[in-house]
Amino acid sequence: MLRRCRPLLGTFVEVTADREDAIERVFDAVAQVHRLMSAHEPESDLSRINRFAHLQPVQVHPETASLLERALFWARESGGAFDPVRAGKAAVEHGFIPLHADQPGPAATSWRCLKLQGRSVRLDMSGCVDLGGIAKGFAVDRAVVALRSAGCERGLVNAGGDIRGFGPEVWPVRIVEPMSRRPVAQVRIADEAMATSGGLPAGEGLGFDHLGGPNDWWTSVSVVAPTACDADALTKIAWMRGNAVLSFGGPGVRALAVTRGGEVESINAPEMALA
């Protein structure tokens with residue numbers, strides 16, 4: 001097996017595969033997601049939505065439309081626990097993503113202001129859509145499609161903790177406590193994906209602004225699901241809704257959390273928490 005790593009999506013993307021000629025396709029697929037959906041790129045689809053969609057419909061790439069459709073699906077299913085418009089407003093206010101020169105300050109606070117019809121996107125009022133809560137997972141899924149289309153029979157893609165493996169192997173994945181980086185659990189995935197969302201070091205503790213603020217129980221949440229895109233979104237839903245995430249996830253979804261005391265709490269699958 002071959003292993004390669006590059007900086008993309010604001011993190012490191014690592015690819016493990018059984019064909020050298022397939023790996024470049026993976027990085028091309030991930031780079032395209034970045035070009036289309038990064039709020040930091042002024043001419044990305046996402047930035048054009050945030051700059052102009054309150055004035056007129058914005059036409060986007062099919063991949064962008066596909067991810068927006070899935071983001072709106074999870075917003076509806078979770079009753080707004082996952083909300084790319086509320087998250088975008090918060091991201092601007094906390095300085096996580098920029099306001100571009102001709103981009104108005106966001107007024108919209110709900111995903112209900114975001115309208116998608118085919119490849120046409122509108123905002124009912126000025127707003128900021130942030131796909132950071134789901135785009136890395138989507139990029140991982142596109143990378144796996146690229147590997148398979150190149151003839152790979154097995155592989156693993158890891159984009160900063162959003163991971164998907166395929167093939168006959170069972171892939172072991174370590175989960176660490178966010179502050180100390182101490183390994184606390186090991187999860188085994190097979191032809192499935194896992195995503196983790198948690199606190200980021202800030203001062204002497206952890207910051208949770210990127211997740212909408214702290215909750216009372218956990219410092220990180222990990223979700224296993226059939227696709228990385230869904231696992232990515234479900235970590236935010238679990239963070240907001242706690243154990244109720246199980247009612248949203250469907251077959252094949254498993255989850256665990258790291259508590260504020262540094263312990264592992266299995267949300268619905270004891271076999272995940274293998275220290």
Side-chain angles (χ1 to χ4, degrees), residues 8-10 13 25-89 91-92 97 100 102-104 106 108-149 157 159 162 164 193 195 225-237 248 250:
L8 286 165
L9 302 172
V13 177
R25 295 193 193 186
V26 169
F27 291 128
D28 287 345
V30 174
Q32 171 152 295
V33 173
H34 178 88
R35 285 193 302 271
L36 293 172
M37 304 175 205
S38 171
H40 293 270
E41 300 293 335
E43 297 304 322
S44 71
D45 279 356
L46 190 65
S47 290
R48 290 191 302 108
I49 291 168
N50 292 338
R51 291 159 62 198
F52 306 126
H54 65 294
L55 301 173
Q56 62 190 29
V58 173
Q59 297 296 310
V60 298
H61 190 279
E63 286 193 8
T64 307
S66 177
L67 182 55
L68 285 168
E69 182 178 27
R70 198 61 181 166
L72 287 170
F73 168 83
W74 283 119
R76 288 191 298 269
E77 288 293 301
S78 68
F82 180 86
D83 189 330
V85 175
R86 184 188 69 237
K89 189 174 190 298
V92 167
I97 60 176
H100 298 293
D102 53 356
Q103 181 180 336
T109 59
S110 169
W111 62 274
R112 296 181 187 278
C113 294
L114 176 63
K115 306 294 169 47
L116 175 68
Q117 186 170 11
R119 293 170 54 190
S120 179
V121 184
R122 278 295 307 262
L123 284 165
D124 287 343
M125 63 184 74
S126 66
C128 185
V129 182
D130 180 15
L131 295 175
I134 194 172
K136 275 199 306 179
F138 180 82
V140 168
D141 290 335
R142 299 305 302 161
V144 168
V145 169
L147 286 175
R148 284 176 159 156
S149 67
V157 180
D162 285 22
R164 184 170 174 180
T227 69
C229 179
D230 286 350
D232 204 2
L234 283 164
T235 61
K236 285 74 182 180
I237 296 170
F248 302 111

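Quantities reported herein were computed from a predicted structural model and do not represent experimental measurements.
Contact between A143 and V26 at its shortest, heavy atoms only, is CB-CG1, 3.5 Å. Closest approach of S47 to P42, counting heavy atoms only: CB-O, 3.3 Å. Taking all atoms of both residues into account, the shortest heavy-atom contact from A228 to G137 is CB-O, 3.3 Å. Of all heavy-atom pairs between A195 and D162, the closest is CB-OD1, 3.7 Å. The minimum heavy-atom distance between E41 and H34, with the atom names listed, is OE2-NE2, 3.3 Å. When every heavy atom of A91 is checked against every heavy atom of D130, the shortest pair comes out as CB-OD2, 3.8 Å.
A salt bridge does not link R25 to D28: none of the charged nitrogens lies less than 4.0 Å from a carboxylate oxygen. A salt bridge links R70 with D230: the closest approach of a Lys/Arg side-chain nitrogen to an acidic carboxylate oxygen falls below 4.0 angstrom. Salt bridge absent: D232 and K136 never bring a charged side-chain N and a carboxylate O closer than 4.0 Å.
Under the 4.5 Å side-chain criterion, counting only non-hydrogen atoms from C-beta, V145 is not in contact with R148. Contact annotation: the side chain of F138 approaches that of M37 to within less than 4.5 Å [non-hydrogen atoms, C-beta and beyond]. V121 has its side chain within reach of L114: a pair of non-hydrogen atoms, C-beta onward, lies under 4.5 Å apart.
Atom CG in N50 sits 8.0 Å away from atom OG in S44 (nearest 0.5 Å). Atom CZ of F82 sits about 13.0 Å away from atom CD of E77, to the nearest 0.5 Å. The CD atom of Q103 sits 5.0 Å away from atom SG of C128, with the distance rounded to the nearest 0.5 Å. Note that the CZ atom of R51 and the CG atom of L46 stand 11.5 Å from one another [nearest 0.5 Å]. Between R142 atom CZ and Q32 atom CD the span is 8.0 Å, to the nearest 0.5 Å. Note that the CD1 atom of I134 and the CG atom of L67 stand 5.0 Å from one another [nearest 0.5 Å].
In this structure, E69 places its CD atom where only 12 or fewer heavy-atom neighbours from other residues, nucleotides or ligands lie under 6.0 Å away.
Counting only distance, with no hydrogens or angles, the side chain of R119 and the backbone of E63 share no donor-acceptor pair below 3.5 Å. Checked by atom type and distance alone, the side chain of D45 never pairs as donor or acceptor with a backbone atom of L36 at under 3.5 Å.
With I49 as reference, V129 is the one residue of V129, L116, L131 to meet the side chain to side chain contact (heavy atoms under 4.5 Å, CB included) rule.
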Side chain to side chain contact (heavy atoms under 4.5 Å, CB included) between R122 and Q117, intermediate numbers included: CA-CA 9 Å; R122 278 295 307 262; Q117 186 170 11; over 6 Å; no
